[in-house]
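What follows is one structure encoded as structure tokens, with my remarks underneath.
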There are 2 protein chains.
Amino acid sequence: MSSKPPSNVPASAKGAAKTAITPTREENYAEWYQQVIRAADLAENSAVRGCMVIKPWGYALWENMQRVLDDMFKATGHQNAYFPLFIPLSFMQKEAAHVEGFAKECAVVTHHRLETGPDGLLRPAGELEEPLIVRPTSETIIGDAFSRWVQSYRDLPLLINQWANVVRWEMRTRMFLRTSEFLWQEGHTAHATREEAVEETMRMLDVYATFAEQWMAVPVIRGEKTAHERFPGAEQTFCIEAMMQDRKALQAGTSHFLGQNFAKASGIEFLDQNGQHQHAWTTSWGMSTRLIGGLLMTHSDDDGLVLPPKLASVHVVILPIYRSDDDRARVIEYCRSVAAELRAQRFSDCAVSVVVDERDERGGDKVWNWIKKGVPLRIEVGPRDIEKDALFVGRRDRAPKDKQSIARGEFVAGVGATLQAIQDGLFARALAYRQQYTRTIDTKEEFYEYFTAPAHAENAPTPIHGGFAMTHFSGEVQVEERIKSDLGVTVRCIPLDKSEPGVCPFTGKPSFQRVVWAKSY
Amino acid sequence: MSSKPPSNVPASAKGAAKTAITPTREENYAEWYQQVIRAADLAENSAVRGCMVIKPWGYALWENMQRVLDDMFKATGHQNAYFPLFIPLSFMQKEAAHVEGFAKECAVVTHHRLETGPDGLLRPAGELEEPLIVRPTSETIIGDAFSRWVQSYRDLPLLINQWANVVRWEMRTRMFLRTSEFLWQEGHTAHATREEAVEETMRMLDVYATFAEQWMAVPVIRGEKTAHERFPGAEQTFCIEAMMQDRKALQAGTSHFLGQNFAKASGIEFLDQNGQHQHAWTTSWGMSTRLIGGLLMTHSDDDGLVLPPKLASVHVVILPIYRSDDDRARVIEYCRSVAAELRAQRFSDCAVSVVVDERDERGGDKVWNWIKKGVPLRIEVGPRDIEKDALFVGRRDRAPKDKQSIARGEFVAGVGATLQAIQDGLFARALAYRQQYTRTIDTKEEFYEYFTAPAHAENAPTPIHGGFAMTHFSGEVQVEERIKSDLGVTVRCIPLDKSEPGVCPFTGKPSFQRVVWAKSY
């Protein structure tokens, strides 16, 4: 086993006394994650159990993700709509596997007003005849609408997306990754044939993979879930899986082929071209604010958040550096003119977004503030830079002290290309990391050793070890459960780009292909 | 009293046997409203009491509204964030007037899972220690966050907006106007001084008025609410009020100056420049999907929805008209090329949005379909139009049959100006309507007569009468309550553009200015 730390620690920062984040990834990965969120001011825990507050810097990132995804959904023919937050209890019961999957963790509304009790305190009053569930997902309530909207084959395909909040009463929560309330989009579609529904399922999986790789710079493996990990009520669940820097897998998006299960449960029927009644074939697919956690854990380092330029709401921050009031006016004026020039440049179909940080605070504090927030490019400008008409430029994908003086005109003209280079570099680095920690394993012994031998920092509360194991599997649920209980490792997905058949090292039986095994979020 | 029907019934449609909407506005205004929504496919009632489904055509309108408002908020220095859906019961209790205002109509979550009972049916389980309220508005939960975010005067002003769903358990609901769940934005800001908070309150009222008038083409009166109609917990509530075609007022947006009430309740304190602890001054302001109802009732007619071009997601629909298959290909090709030319034109900072309706349905059905959906411009193209290289154009602000043949080049070059003319015309028509039904009244007798004498259609379930009465008022709550109980009329607002002092006809006491009295939604 390699004992190198994750490769995207900037070389020059290794061993340096100062990093912005305490602890480092190696020392305590889980705590590092929380501290990156805090240092970047992305979000915070709220007074409501398991619910977070998404702060402006975090929400701006979500808005950018939404905008890109929404455009992709519309380009593939989908329309947005909005359905009720509440689901009648009776609706949840319509699909047996579905209720089984969600009943254990849902918020239940039972009353519709408050009254003051004899103790002078408020208490629930006005009990509802039928309790309402705060939606954990909307298959049943949207299915009810679809049953009215779909009458004839002419009404199909029906391609709908919803941006919404959902609630799953999680017992152990972690900001972005697992919260009781989260924001997401859920696509719901109905089709006349199995083939069309399967095609839609795969189309949206592709949209998700494209978004993850081209926008988030997060390399993903497309695959199918085993029956064990399937969405409750689905016939097939497809997913994209990414590797985080602790080598655990994060499921970044799922696309479900629901067969006719929900159409039968909700009565989505249509008259086909031959005048026959048919149940529709449906799909659903979703991505959530969890992606922000995945983005963070893919790119960030011991200095804080690293944003991929294509999703950053600020591409360039300009920091005026001066000592006297005389200098101040001159330096700020220069910075503003550079900002104006940069804003006239384009990157990724948008104007380059620039902030001039004119706050009266220490220069060093301001620099670190923006490093921790993950802004791709920092420009420091002092009187000497103005004399040379040059900019002192730092890139977030390099070490904090690795800065370069670049002629103003050259930097401005090349800013789009530089941002693209950072974007591409982040993807390449994450892909190399995943490849480094993906191992083809053919024996049970090596498999167990891979997921138990700590690679480094043995005393860390959560030693980092293992990665993705590409190992044959003959598909028995009991084997999956045994390995999960032994190692905390599960089949993350059965990759779509199939490898050759072989032998399952756990059962000795034939296996169609290697699958991805990993610990996961 | 004039007995003319509302002036935006296209003249040529009057008395025509066919209108798209049954009943007409005169026959039954409330039912007309529901039928316009249905005919335009904007929304529908759901299986959940008081909650609606916003269908794609309605949601696209909301998305356009959101985009424009969001840009206006950002241009005035606000940032978006997201706060929990749930509010602990104890938070609601912190501000006495506030809980009083919302306790009677809120959804209460009391359990966090479901279990199967002895009868085999699901029932709530896992009772929460503290019940949670589904937010009816977020002053208290955002106040809790602000109490952490605000420490020093340097942290102020804090300018936050949230796009969210909220729930108020309304007993009598009507789509868009009053639903148990609705979508809105809520701005929440904190300031160091009373003056700055008041300035913010008025700034956002201006933003709302600008949005209503320039984008929705809905003329509004800016004013202050009386104590009776104030937001629970506010020191002052300002609003914009619009007149609907049944001459009732609709409150289209509110901006509240909250004084230090919520800052004290939530502990939003800061250290001022002299090192003294101070409570912040806060504001809140909101606009909701209710606006869609207001837009509908301002512009729509007995043929259906009328969309102001600046918020329409489709500006122009092109309808190929043909009889033979030979014609079909040629006509559709021509339509597509016209569409491409139109899309290269600009209107209101966007590309002109065009749909070619190639569905294989009867031409007349298709035309009516788009009339009912409110699309500003319809172009019919048949073989003869192609020969002339001309387009047969209908405008939604004119009667359905009032169509004109316009040379293709001329129409394309002028499409932006035509859309602007429709936008301006809708505003002018709505303003003229409001002026027509606004009366300056100085005696109690005339006031009572104004709001009781039906102007026309006396047998209609809801006879239309009255309008806005500009009448002096000396401000007594009992007088307001008496008039409300006698006539169902209330003070909609005390206009900001003050008229001269006078005498209140109800009390004989001096009055500072005339106020707007009306029935309302």
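Note on naming: letters A, B, ... go to the chains in the order of the sequence lines (proteins, then strands), and numbering restarts at 1 for each one. A quick note: this is a predicted structure, and the numbers were derived from the prediction, not measured.
In this structure, the portion of A:Phe91 lying under 4.5 Å from any heavy atom of chain B is its side chain and not its backbone. With a threshold of 4.5 angstrom between heavy atoms, B:Asp70 approaches chain A through side-chain atoms but not through N, CA, C or O. Residue B:Arg49: no heavy atom, backbone or side chain, is found under 4.5 Å from chain A. Heavy atoms closer than 4.5 Å to chain A are found in the side chain of B:Glu44, but not in its backbone. Residue B:Leu121 touches chain A through both its backbone and its side chain, counting heavy-atom pairs closer than 4.5 Å. For B:Asn45, the part sitting under 4.5 Å from any heavy atom of chain A is the backbone (N, CA, C, O) and nothing else.
Heavy-atom pairs under 4.5 Å with chain A were tallied for B:Cys51, B:Ser46, B:Ala145, B:Cys106; the largest tally goes to B:Cys106. The greatest number of non-hydrogen atom pairs below 4.5 Å with chain B, out of A:Ala47, A:Pro88, A:Ala43, is found for A:Ala47. Counting heavy-atom pairs under 4.5 Å between each of B:Lys104, B:Lys55, B:Gln162 and chain A puts B:Lys55 at the top. Top candidate by heavy-atom pairs under 4.5 Å with chain B, chosen from A:Phe86, A:Trp149, A:Trp62, is A:Trp149. Contacts with chain B were tallied for A:Arg359, A:His112, A:Arg113; A:His112 has the most, counting heavy-atom pairs under 4.5 Å.
Put simply, CD on B:Gln79 and OH on A:Tyr59 are 13.0 Å apart, with the number rounded to the nearest 0.5 Å. Atom CG of A:Asp360 and atom CZ of B:Arg154 lie 8.0 Å apart (nearest 0.5 Å).
Counting heavy atoms from C-beta outward, B:Tyr82 and A:Asn165 have side chains that approach closer than 4.5 Å. In this structure, the side chains of A:Val53 and B:Asp144 stay at 4.5 Å or more apart for every pair of heavy atoms.
Residues forming a salt bridge (Lys or Arg N to Asp or Glu O under 4.0 Å) with B:Arg123 (at least two apart in sequence, or on another chain): B:Glu115.
Under 4.0 Å is where a charged nitrogen must lie from a carboxylate oxygen, and between A:Lys74 and B:Glu63 at least one such pair does.
Residues of residues 124-134 of chain A that come within less than 4.5 angstrom of chain B, heavy atom to heavy atom, are A:Pro124, A:Leu128, A:Pro131, A:Leu132, A:Ile133, A:Val134 in numerical order.
Heavy atoms from other residues, nucleotides or ligands lying under 6.0 Å from CG of A:Asp365 number more than 12. Enclosure of atom CD in B:Gln34 by more than 12 non-hydrogen atoms of other residues, nucleotides or ligands within 6.0 angstrom is indicated. More than 12 heavy atoms of other residues, nucleotides or ligands lie within 6.0 Å of CG in B:Asp119, so this atom counts as buried by the packing criterion.
Between B:Val109 and A:Ala107, the closest heavy-atom pair is CG1-CB, 3.8 Å. Residues B:Leu85 and A:Glu181 approach most closely at N-OE1, 2.8 Å, considering heavy atoms. Nearest heavy atom pair, residue A:Pro84 against residue B:Val48, reads CB-CG2, 4.2 Å.
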